[in-house]
J.: 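The structure follows.
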Protein chains: 4
Amino acid sequence: MAAGTINKVILIGNLGDDVKMHYFDDQNCVGRFPIATSESYTNKTTGEKVTSTDWHNIVVRNGLAKVCEKYLSKGDKVYVEGKLKNRQWEQDGVKRYSTEIHVNEMTMLSTKKNLETPNNTNPQQHQKPSAPAPKAVQEEENDDLPF
Amino acid sequence: MAAGTINKVILIGNLGDDVKMHYFDDQNCVGRFPIATSESYTNKTTGEKVTSTDWHNIVVRNGLAKVCEKYLSKGDKVYVEGKLKNRQWEQDGVKRYSTEIHVNEMTMLSTKKNLETPNNTNPQQHQKPSAPAPKAVQEEENDDLPF
Amino acid sequence: MAAGTINKVILIGNLGDDVKMHYFDDQNCVGRFPIATSESYTNKTTGEKVTSTDWHNIVVRNGLAKVCEKYLSKGDKVYVEGKLKNRQWEQDGVKRYSTEIHVNEMTMLSTKKNLETPNNTNPQQHQKPSAPAPKAVQEEENDDLPF
Amino acid sequence: MAAGTINKVILIGNLGDDVKMHYFDDQNCVGRFPIATSESYTNKTTGEKVTSTDWHNIVVRNGLAKVCEKYLSKGDKVYVEGKLKNRQWEQDGVKRYSTEIHVNEMTMLSTKKNLETPNNTNPQQHQKPSAPAPKAVQEEENDDLPF
DNA sequence: TTTT
DNA sequence: TTTT
């Protein structure tokens, strides 16, 4: 046990795909989607401008997963905050590793989904009461299950 | 190019090993070391306390790498801030992926190395002038090379 | 001296006013503007929804100040990152205190200014070479002057 | 209401004083303490090294306040994360302003208090069951009251 | 003083 | 696979 450690990731980027949901039962579900961040720099030797893009595997759970599924789609820009988690599993006898960002806070910075919805010019202004407001959304805290 | 993206990682954790240096030439070098973060949670079903540890591959360059090599060793606690970077390469014809944290700011929160140095009770207070102070150390900015 | 300290502020909010510039000389200038962040919560006793807004005094210098002046205006949404700084001065014999955010990184998340500019549909795509690109902009590092 | 805003402060610093508690009733209390962060820079004109210290007013509530009172004291180093909040009040007919950091996460990085406790070499390892573990402590979430 |  |  390593007390006094901090594991925090903050990203602003664009969804490379829609949110894929997986339901375990009525209560528990997980959503996954990729986010791209990029940066440009000038190659010192050649002098040319290079852009490099990094892809991040976002994982959200339960209520926050449902909000993401409802309001986010491919291309949207979001702010997310979470933790780096290493996952390993076996596939065809080969050990596979992957790094995920387990996100507990999400803020939409743009959205395509609801701009086309009739009678709903902006999802941040008019929300169906059954769903949490899609602004800064935090994960429920009373949740001790690992992913 | 994706303007307006943010890619930020903040970690406080302990070194799982010493800093491994690799020199490209006189000017350019890279240092690598693993950092562990952990968290405890209670398994809802079984009621038992579980601790999970995540390991992060830290990458530092040039001046900051030299500072890390000089002042950090296995077991030390550090604050680091950087970017998530995906690296892929081929090994024996198999594509390998790894996620690294390219760190540009480091602050020592404990050190073993220099506590044994005679006449130097605290490396943060009394530093040899030849080396940068081992407190909050930032990467030089005039650096356009990719890792 | 307190080695090993961290002072970091991350804000996403809207400009309450345009950037006000102050030039010291050819090289040095400072820009100031207010940013609003808000949050909503439900008053436990009365059950009514309350929104509270906080105003933050942003301070930028030199190159970053010029970028802010050029691309930001009242109402725009931005990401900024910086340090908390306390300033005190005397006015009419009374001590005054104020807290500022000295920002060294800024990313535009929306802009009004340049959407109206002819031949320039998006300031993030087409930038005059004399000015830095208005995406993620970082302060020059070779700067040891206090504000 | 301003959807899509972020207000985040991350500090590592030392307590300038003990935690001062104020109890409203059995359930609700608030704790306050100052944290110092510092930085050194070289004055360009004079060439001399200058250290500047900033003081931050930390505010914690309820469970987190009790943990802070129990484990933190003057001189300790802590990591805190929270929000910037502006407070204004009137004193003798004069409007007063102050900026506070409303903290919802705290991690102890050093402690004096419990090192002297018999049979308790490390408060992070051995905790009385009546109190939350003093490592990474988060505020309870089901709390809609403003400060 | 912003924004939704 | 995104975005500009």
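Throughout, protein chains are lettered first and strands after them, A, B, ... in sequence-line order, and every chain is numbered starting at 1. Model, not experiment: these values are computed from the prediction.
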J.: For the pair made of NZ in A:Lys20 and P in F:dT2, what is the distance, rounded to whole Å?
T.: 13 Å

J.: Taking only residues two or more places apart in sequence or in another chain, which ones pass ring pair (Phe, Tyr, Trp, His ring centres under 6.0 Å) with D:Tyr97?
T.: none

J.: Could you give the CG-to-C1' distance, from A:Leu11 to F:dT2, as a whole number of Å?
T.: 13 Å

J.: Given F:dT1, E:dT1, F:dT3, identify the nucleotide with an atom nearest to the side chain of A:Ser38.
T.: F:dT3

J.: Figure out the CG/C1' separation between C:Asp54 and E:dT2, and round it to whole Å.
T.: 13 Å

J.: How close or far is atom C1' of E:dT2 from atom CD1 of C:Ile12, stated in whole angstroms?
T.: 15 Å

J.: Nearest whole angstrom, please: distance from the P of F:dT2 to the CG of A:Leu109.
T.: 19 Å

J.: Taking atom types as modelled, find out whether C:Ser38 and C:Thr51 have a side-chain donor-acceptor pair closer than 3.5 angstrom.
T.: no

J.: Choosing from F:dT1, E:dT3, E:dT1, which nucleotide comes nearest the side chain of A:Asp17?
T.: F:dT1

J.: Confirm from the modelled atom types if A:Thr53 and F:dT2 form a donor-acceptor pair under 3.5 Å, side chain to base only.
T.: yes

J.: How many whole angstroms separate atom CD1 of A:Ile101 from atom P of F:dT2?
T.: 20 Å

J.: Among F:dT1, E:dT3, E:dT1, which nucleotide has an atom closest to any side-chain atom of C:Pro34?
T.: E:dT1

J.: Atom OH of C:Tyr79 to atom P of E:dT3: distance rounded to whole Å?
T.: 22 Å

J.: Which pair of non-hydrogen atoms, one from C:Val78 and one from C:Leu109, has the smallest distance, and what is that distance?
T.: C-CD1, 4.0 Å

J.: Expressed in angstrom and rounded to an integer, what is the separation of C:Asp18 atom CG from E:dT3 atom P?
T.: 11 Å

J.: Check whether the aromatic ring of A:Trp55 stacks on the base of F:dT1, taking stacking as ring centres less than 5.5 Å apart and planes within 30° of each other.
T.: yes

J.: With B:Arg96, which residues qualify under salt bridge (Lys or Arg N to Asp or Glu O under 4.0 Å), at least two apart?
T.: none

